[in-house]
Amino acid sequence: MFNSVDEYLQKLKDALQGCDQATVQDALADAEDHLRTALVRLKETQPDSKEADPLAAIIEDYGSPEEVASAYREIERRLPPALAPAAQSPGRSSWGGFFGVVADPRAWGALLYMFISLLTGVLYFTWAVTGLSLSVGLIVLIIGLPFLFLFLLSVRGIALVEGRIVEALLGVRMPRRSIFVDKTKGFWARFKELVSSWLVWKTLFYMLLMLPLGVIYFSIFVTLISLGLSMVALPVVQLFIHFPLITINSNSYYIPSWQFPLWAAGGAFILLVSMHFAKLLGRVHGWFAKMMLMGE
């Protein structure tokens, strides 16, 4: 018998021990949303009843903490992130692993994330700086607090959106729904919750940090990919259209034909190393994003 929603949520959290923290957050948000919404509806029809009375019927319909935890464990087993790390094949050689990165979707996903991080970094940084500046400037006016409230709500929404991008491209399990917000509370109560939310301020810091990170990621991989492709393509270009390696004072310098395979192999090696580096950096950034974009 549970006397309150908070007591049920604590039992559910205990039952989910050992699960991914993103799974726990989703399960708690779903349960709180369902229980509190159903409780409000029942209290409207039964205003004189105590919380524990209708709550027992709601929990019986929704499921015990152990049943809900078991259901979420099964969901996680059946629906892992699309690019979640797979178990290493026991018979695979180190050379096979090195060249096999070309067929690894996690490497391509991480590489794509590195390229789009510049765009998302600019958007996040602009939104954070503009929102904070306007919030501080408008705080003395009557619209200041409502504007700050909406801005902080948008930051919480950006945490969810960025989490979905990270899970889709980096294969790191992130929350798939936002933290529950009790809409029956008044403006001041919800405003205090937002201002005191550790998640909101962590997300703001993440948004500001994404601009320099995006510039670094984009610059590194544009340089590496361009260098690798140039080294692979230059022998072919020189062979068919006689394009020189370099021109100084009207003097053109060409690659000797015996060096063509060396240049192509060197370029291919740089491309393979770039993909391995993108995969490694994606794993590190996924860990950082998970730390910053979830939990209170």
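Residues: numbered from 1 along the sequence shown. Below, all heavy atoms of this structure are taken into account, side chains as well, without hydrogens, waters or symmetry copies.
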### Minimum side-chain heavy-atom gap Leu227-Met231 below 4.5 Å
yes
#### Entry: Step-by-step side chain to side chain contact (heavy atoms under 4.5 Å, CB included) determination, Leu132 to Leu204
CA-CA 9 Å; Leu132 287 173; Leu204 264 176; 4.1 Å; yes
### Query
When clusters are formed by joining ILVMFWY residues with side-chain heavy atoms under 4.5 Å apart, either directly or through shared neighbours, do Val284 and Leu213 land in the same one?
no
### Leu160-Leu28 co-clustered via ILVMFWY side chain contacts under 4.5 Å
no
### Query
Going from CD1 on Ile59 to CD on Glu67, what distance comes out if it is rounded to the nearest 0.5 angstrom?
11.0 Å
### Query
So does Arg164 pair up with Glu167, basic N to acidic O under 4.0 Å?
yes
### Query
Where do Ala22 and Pro175 come nearest, in terms of heavy atoms and distance?
CB-N, 3.6 Å
### Query
Can you pull the salt bridge (Lys or Arg N to Asp or Glu O under 4.0 Å) pairs that have at least one residue in residues 267-280, sequence neighbours excluded?
Asp104-Lys279
### Task
Rounded to the nearest 0.5 Å, what's the gap from OG on Ser230 to CD1 on Ile270? Could you check?
9.5 Å
## Note on the structure
Tightest non-hydrogen contact, residues Gly286 and Leu170, listed as N-CD1, 3.9 Å
### Donor-acceptor pair, side chain of Ser197 and main chain of Glu193, under 3.5 angstrom
no
### Message
Working to the nearest 0.5 angstrom, can you tell me the gap between Leu138 CG and Leu134 CG?
### Response
5.5 Å
### Stepwise side chain to side chain contact (heavy atoms under 4.5 Å, CB included) test for Ile165 and Tyr113
CA-CA 8 Å; Ile165 296 174; Tyr113 184 87; 3.9 Å; yes
### Message
According to a hydrophobic-cluster definition based on side-chain heavy atoms being under 4.5 Å apart (Ile, Leu, Val, Met, Phe, Trp, Tyr only), do Phe115 and Leu119 belong together?
### Response
no
### Query
Do the charged groups of Glu76 and Arg73 touch, with an N to O distance under 4.0 Å?
no
## Note on the structure
Applying ring-ring contact (aromatic ring centres under 6.0 Å, His included) to Phe205 and not counting sequence neighbours gives none
### Message
Testing the basics here: between Ser274 and Leu224, what is the closest heavy-atom pair and its distance to 0.1 Å?
### Response
OG-CB, 3.2 Å
### Message
Checking Phe269 now: which residues fulfil ring-ring contact (aromatic ring centres under 6.0 Å, His included) with it, not counting sequence neighbours?
### Response
Phe98
### Query
Are Thr203 and Glu162 close enough that some pair of their side-chain heavy atoms sits under 4.5 Å apart?
no
### Query
For Ser196, does its backbone N or O pair with a side-chain atom of Trp201 as donor and acceptor, under 3.5 Å?
no
### Message
Rounded at 0.5 Å granularity, tell me how far CG in Leu211 sits from CD1 in Ile216.
### Response
9.5 Å
### Query
Do any pairs count as a side chain to side chain donor-acceptor pair (under 3.5 Å) and have a residue in residues 207-224, sequence neighbours left out, and if so which ones?
Tyr217-His285
### Query
When hydrophobic residues are tied together by side-chain contacts of less than 4.5 Å, even through go-betweens, does Val195 share a cluster with Ile158?
yes
### Query
How close do Ala278 and Ala110 get, heavy atom to heavy atom, and via which atoms?
O-CB, 3.2 Å
### Query
Which heavy atom in Val101 sits nearest to a heavy atom in Ala107, and how many Å separate them?
CG2-CB, 3.6 Å
### Query
Would Leu208 end up clustered with Tyr206 when hydrophobic side chains under 4.5 Å apart are linked, directly or stepwise?
yes
### Message
As a quick check of understanding, evaluate side chain to side chain contact (heavy atoms under 4.5 Å, CB included) for Arg173 and Lys290, giving each step before the final call.
### Response
CA-CA 8 Å; Arg173 176 65 165 90; Lys290 187 162 190 167; 4.1 Å; yes
### Task
Answer yes or no: is there a donor N or O on one side and an acceptor on the other, between the side chain of Ser133 and the main chain of Thr130, under 3.5 Å?
no
Tabulate below the donor-acceptor pairs under 3.5 Å that side-chain atoms of residues 139-155 make, not counting sequence neighbours, or state none.
from, atom 1, to, atom 2, distance (Å)
Ser154, OG, Trp127, NE1, 2.9
Ser154, OG, Phe151, O, 2.5

### Message
To the closest 0.5 Å, what do you measure between CG (Leu35) and CD (Glu32)?
### Response
8.5 Å
### Query
What's the verdict on side chain to side chain contact (heavy atoms under 4.5 Å, CB included) for Ile179 and Gln25, showing C-alpha distance, side-chain angles and the deciding distance?
CA-CA 7 Å; Ile179 294 174; Gln25 181 172 311; 3.7 Å; yes
### Message
Within the 3.5 Å criterion, strictly below it, is a donor on Gln10 or Asp6 matched to an acceptor on the partner's side chain?
### Response
no
### Task
Heavy atoms only: give me the nearest Tyr8-Gly63 pair and the separation to one decimal.
OH-O, 2.6 Å
### Task
Inspect the surroundings of CD in Glu60 and state if more than 12 heavy atoms from other residues, nucleotides or ligands are less than 6.0 Å away.
no
### Task
Give the ring-plane orientation class for Tyr62 versus His34, where under 30° counts as parallel, over 60° as perpendicular and anything between as tilted.
parallel
### Message
Just verifying a value: how many Å separate Leu209 CG and Lys202 NZ, rounded to the nearest 0.5 Å?
### Response
14.0 Å
### Min side-chain heavy-atom separation Leu12-Tyr72 under 4.5 Å
no
### Query
Which residues satisfy the ring-ring contact (aromatic ring centres under 6.0 Å, His included) test with Phe221, sequence neighbours excluded?
Phe277
